[in-house]
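Please read the structure below before turning to the comments.
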Amino acid sequence: MTAAEYNACVDQHADALFRFVVKNIKDRDAARDVVQDTFEKMWLKVDQVDPMKAKCYLFTTGYHTMIDKIRKEQRSSLMEEHHESMVKTENHFSDIKKVLDKALQTLNDIQRSVILLRDYEGYSYEEIGEITGLNESQVKVYIYRARIALKSYIGKIEHVV
């Protein structure tokens with residue numbers, strides 16, 4: 001991959017990669033860091049990346065970078081999460097986007113990632129498998145279970161009203 005191809009790849013895919021990451025981690029600054037780290041990793045291996053597979057490489061690397069960041073934050077904030085889980089709050093939603101975002105947060109990391117890649121970004125099952133390291137049947141199972149969980153969450157009237 002040449003520098004021009006790399007720059008074109010950045011221009012083409014940076015926004016989609018950012019949307020994918022920010023939907024998962026809900027922190028715009030952290031998402032920017034993940035995207036920047038992803039492009040840095042790609043730059044370090046620019047000679048090894050096939051320009052035709054750059055998008056897949058970016059999303060795969062971005063996914064793994066995001067998961068690493070999530071795991072690192074989970075280890076450092078275990079005490080905070082414990083205290084937050086003890087405090088019960090009741091949310092009332094009137095905006096469907098907020099309901100969907102809240103519903104997505106109820107999914108585990110892999111389910112949220114595959115749903116976002118499939119339904120928000122439009123990737124095929126095969127491409128999602130390449131990005132996440134799952135086989136195609138596992139991707140389908142995770143998407144099915146995530147959709148069932150979302151339907152169950154959104155179907156409850158207290159979450160919508």
Side-chain angles (χ1 to χ4, degrees), residues 1-82 84-85 97-151 153:
M1 173 181 271
T2 66
E5 290 171 328
Y6 174 83
N7 290 333
C9 182
V10 171
D11 291 340
Q12 271 186 313
H13 305 299
D15 290 337
L17 181 61
F18 176 74
R19 281 192 313 270
F20 169 67
V21 174
V22 81
K23 276 289 187 188
N24 274 289
I25 60 177
K26 298 293 184 199
D27 181 357
R28 295 181 75 80
D29 292 331
R32 285 185 189 101
D33 290 344
V34 169
V35 171
Q36 183 175 354
D37 289 347
T38 301
F39 281 112
E40 178 186 7
K41 289 175 183 178
M42 185 174 177
W43 179 251
L44 293 173
K45 295 188 179 215
V46 73
D47 296 332
Q48 301 168 9
V49 177
D50 180 4
M52 299 302 292
K53 296 183 178 184
K55 182 178 180 182
C56 185
Y57 179 86
L58 274 176
F59 274 84
T60 302
T61 306
Y63 172 77
H64 291 293
T65 303
M66 176 185 65
I67 294 299
D68 291 344
K69 184 169 190 64
I70 289 170
R71 287 180 180 154
K72 182 179 178 182
E73 287 176 0
Q74 284 176 344
R75 283 190 296 260
S76 67
S77 66
L78 276 176
M79 188 56 87
E80 287 178 30
E81 289 177 16
H82 176 70
E84 287 176 11
S85 68
K97 183 184 180 319
K98 290 181 183 177
V99 173
L100 287 173
D101 287 342
K102 186 70 175 171
L104 283 170
Q105 291 306 311
T106 64
L107 301 175
N108 66 41
D109 293 338
I110 189 69
Q111 287 177 336
R112 184 173 41 255
S113 295
V114 295
I115 278 290
L116 290 172
L117 287 169
R118 178 70 178 167
D119 295 338
Y120 281 73
E121 298 298 329
Y123 282 97
S124 70
Y125 296 120
E126 183 180 329
E127 291 171 322
I128 295 169
E130 290 176 20
I131 291 169
T132 60
L134 302 170
N135 66 42
E136 194 171 329
S137 62
Q138 289 174 313
V139 170
K140 289 178 182 179
V141 168
Y142 278 118
I143 289 173
Y144 173 77
R145 289 179 181 165
R147 288 179 177 160
I148 294 296
L150 290 173
K151 182 179 177 182
Y153 180 87

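Residues satisfying the ring-ring contact (aromatic ring centres under 6.0 Å, His included) test with Tyr63, not counting sequence neighbours, are none. Shown here are the ring-ring contact (aromatic ring centres under 6.0 Å, His included) partners of Tyr6, two or more places apart in sequence or in another chain: Trp43.
Within 6.0 Å of the OH atom in Tyr142, the count of heavy atoms belonging to other residues, nucleotides or ligands does not exceed 12. In Gln105, the CD atom is crowded: over 12 heavy atoms of neighbouring residues, nucleotides or ligands sit closer than 6.0 Å. Within a 6.0 Å radius of CD in Glu136, other residues, nucleotides and ligands contribute more than 12 heavy atoms. Residue Lys45 qualifies as open at atom NZ: its count of foreign heavy atoms under 6.0 Å is 12 or below.
Contact detail for Tyr153 and Ala103: the closest heavy-atom pair is CD2-CB, 3.3 Å. Taking both residues in full, the closest heavy atoms of Leu107 and Ala146 are given as CD2-O, 3.8 Å, listed atom of the first, atom of the second, then distance. Taking each heavy atom of Cys9 and Leu58 in turn, the nearest pair found is SG-CD1, 3.4 Å. For the pair Cys56 and Glu130, the tightest heavy-atom approach, listed with the atom from each and the gap, is SG-OE1, 3.1 Å. Of all the heavy atoms in Val114 and Ile128, the pair that sits closest is CG1-CG2, 3.7 Å. In plain terms, the two heavy atoms of His64 and Ile131 that are nearest each other are NE2-O, 3.8 Å.
Of the inter-residue distances, the one linking Gln111 atom CD with Leu104 atom CG reads 10.5 Å to the nearest 0.5 angstrom. For the atom pair NE2 of His13 and CG of Asp15, the computed distance is 11.0 Å after rounding to the nearest 0.5 Å. Here the OG1 atom belonging to Thr38 is positioned 5.5 Å from the CG atom belonging to Leu17, to the nearest 0.5 angstrom. Between Lys23 atom NZ and Leu100 atom CG the span is 7.5 Å, to the nearest 0.5 Å. The CZ atom of Arg112 lies 10.0 Å from the CD1 atom of Ile25; values are rounded to the nearest 0.5 Å. Expressed to the nearest 0.5 Å, how far CE of Met1 lies from CG of Asn7 amounts to 10.0 Å.
Looking at Lys41 and Thr65, their side chains come closer than 4.5 Å, going by heavy atoms from C-beta outward. By the 4.5 Å heavy-atom criterion applied to side chains, Ile115 and Ile143 are counted as neighbours. You'll find the side chain of Asp101 reaches within 4.5 Å of the side chain of Lys26, heavy atoms only. At least one side-chain heavy atom of Thr132 sits under 4.5 Å from a side-chain heavy atom of Leu117.
Listed by first and then second residue, the ring pair (Phe, Tyr, Trp, His ring centres under 6.0 Å) pairs that reach into residues 102-125 are Phe59-Tyr123, sequence neighbours excluded.
Salt bridge annotation for Asp119-Arg147: present, with a cationic side-chain nitrogen under 4.0 angstrom from a carboxylate oxygen.
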